[in-house]
Amino acid sequence: YNPTTSSSKYPGRSNLYDTYDLILSDLEEAANITTTGTVNSPYYTEDVVEAAFARVYLYMQEWDLAYSAAEGLVDGKYTLVNNQAAHDSMWKDDESTENIMLVVMDLNNVGPATGTVYLNDKKNNGVMDPEYIPTKSLLDLYDAKDIRRNTYFKEYTITATGYGTDD
């Protein structure tokens with residue numbers, strides 16, 4: 001690799017069809033070397049590849065192929081959570097019937113704690129001190145009965161410097 005400002009030194013861009021063709025070819029190769037999938041698998045499995053096929057077919061607007069690729073996953077091994085406890089467990093404990101692949105992060109591989117910016121429950125002198133406060137328009141996107149709302153958001157009385165105290 002020898003970077004230069006001359007665009008003539010680099011290969012031209014492929015068209016969209018060629019790009020999809022390359023991606024599908026890579027997925028076909030991956031399908032030949034992956035193992036059987038299991039719920040919450042930390043590895044790339046045949047089911048992960050099948051889900052990737054479905055996603056690529058969606059982007060290609062190949063609806064029937066996308067449906068065929070996804071159908072065996074959602075109608076079989078990976079069932080969507082449908083209650084509050086299961087949804088909470090998926091997001092808080094990394095356990096779910098719908099996780100086709102669960103990327104593992106343990107104490108030996110800790111990266112930046114980006115989630116704490118949004119999920120910060122720390123108290124500062126007994127007062128909730130979040131680093132992110134969702135807007136009303138964001139909260140209004142979730143119906144009160146939507147199980148995602150109860151997992152993603154909590155109601156607290158907070159004090160925001162310069163703005164006062166509110167729920």
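What's counted below: heavy atoms across the whole structure, side chains too, no hydrogens, waters or symmetry copies.
Here Glu62 contributes atom CD and Leu24 contributes atom CG; the two are 9.5 Å apart, rounded to the nearest 0.5 Å. A distance of 12.5 Å separates CZ of Phe153 from CD1 of Ile133, quoted to the nearest 0.5 Å. The distance from atom OG1 of Thr45 to atom CD1 of Ile100, rounded to the nearest 0.5 Å, is 8.0 Å. Put simply, CG on Asp146 and NE2 on His87 are 7.5 Å apart, with the number rounded to the nearest 0.5 Å.
In terms of hydrophobic clustering, with Ile, Leu, Val, Met, Phe, Trp and Tyr side chains grouped at heavy-atom distances under 4.5 Å, Leu16 and Met60 are assigned to a common cluster. Linking ILVMFWY side-chain heavy atoms closer than 4.5 Å, directly or via other members, places Trp91 and Leu139 in a single hydrophobic cluster. Linking Ile, Leu, Val, Met, Phe, Trp and Tyr whenever their side-chain heavy atoms come within less than 4.5 Å leaves Leu22 and Tyr17 in two separate clusters. Residues Tyr59 and Trp63 are members of separate hydrophobic clusters, defined by side-chain heavy-atom contacts under 4.5 angstrom among Ile, Leu, Val, Met, Phe, Trp and Tyr.
Of the candidates Thr151, Leu102, Asn99, Asn99 is the only one forming a side chain to side chain contact (heavy atoms under 4.5 Å, CB included) with Met90.
When all heavy atoms of Ala144 and Asn150 are compared, the closest pair comes out as O-ND2, 4.3 Å. Here the closest non-hydrogen pair linking Arg149 and Asp143 is CD-O, 4.0 Å. For the pair Ile147 and Gln84, the tightest heavy-atom approach, listed with the atom from each and the gap, is O-NE2, 3.1 Å. Across every non-hydrogen atom of Met101 and Pro42, the tightest pair is CE-O, 3.7 Å. Considering every non-hydrogen atom in both Asn15 and Asp18, the closest pair reads OD1-N, 2.7 Å. Between Thr19 and Ser14, the shortest heavy-atom distance links the atoms OG1-OG, 2.9 Å.
Under the side chain to side chain contact (heavy atoms under 4.5 Å, CB included) criterion, Leu80 pairs with Glu98, not counting sequence neighbours. Contacts of Asn83 classified as side chain to side chain contact (heavy atoms under 4.5 Å, CB included), with partners at least two apart in sequence or in another chain: Ala85, Ala86. Checked against side-chain hydrogen bond (donor to acceptor under 3.5 Å, both in side chains), Ser8 has the following partners two or more places apart in sequence or in another chain: Ser6. Residues satisfying the side chain to side chain contact (heavy atoms under 4.5 Å, CB included) test with Tyr10, not counting sequence neighbours, are Tyr1, Pro3, Thr4. Residues passing the ring-ring contact (aromatic ring centres under 6.0 Å, His included) test with Tyr67: none are found, sequence neighbours excluded. Scored by the side-chain hydrogen bond (donor to acceptor under 3.5 Å, both in side chains) test, Lys145 finds no partners at all (sequence neighbours excluded). Evaluation of the side-chain hydrogen bond (donor to acceptor under 3.5 Å, both in side chains) rule for Thr79 yields Thr97 as partners, not counting sequence neighbours. Annotation: salt bridge (charged side-chain N to carboxylate O under 4.0 Å, His left out) contacts of Lys92 (sequence neighbours excluded): none. In this view, Asp47 and Lys77, Tyr78 satisfy the side-chain hydrogen bond (donor to acceptor under 3.5 Å, both in side chains) rule, not counting sequence neighbours.
By the neighbour-count criterion of 12 heavy atoms within 6.0 Å, atom CG of Asp64 is sparsely surrounded, having that number or fewer from other residues, nucleotides or ligands.
Glu95 places a side-chain heavy atom less than 4.5 Å from the side chain of Ser89. In this structure the side chain of Asp166 never reaches within 4.5 angstrom of the side chain of Thr157, judged on heavy atoms.
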Compile the donor-acceptor pairs under 3.5 Å between side chains in residues 25-39 and protein atoms, sequence neighbours left out, one pair per line.
from  : atom 1 : to    : atom 2 : distance (Å)
Asn32 : ND2    : Glu28 : O      : 3.2
Thr34 : OG1    : Ala30 : O      : 3.3
Thr34 : OG1    : Glu46 : N      : 3.3

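Under the ring-ring contact (aromatic ring centres under 6.0 Å, His included) criterion, the residue pairs touching residues 18-53 are Phe53-Tyr57, with sequence neighbours excluded.
Other cluster members for Tyr163: none, since no ILVMFWY side-chain heavy atom sits under 4.5 Å from it.
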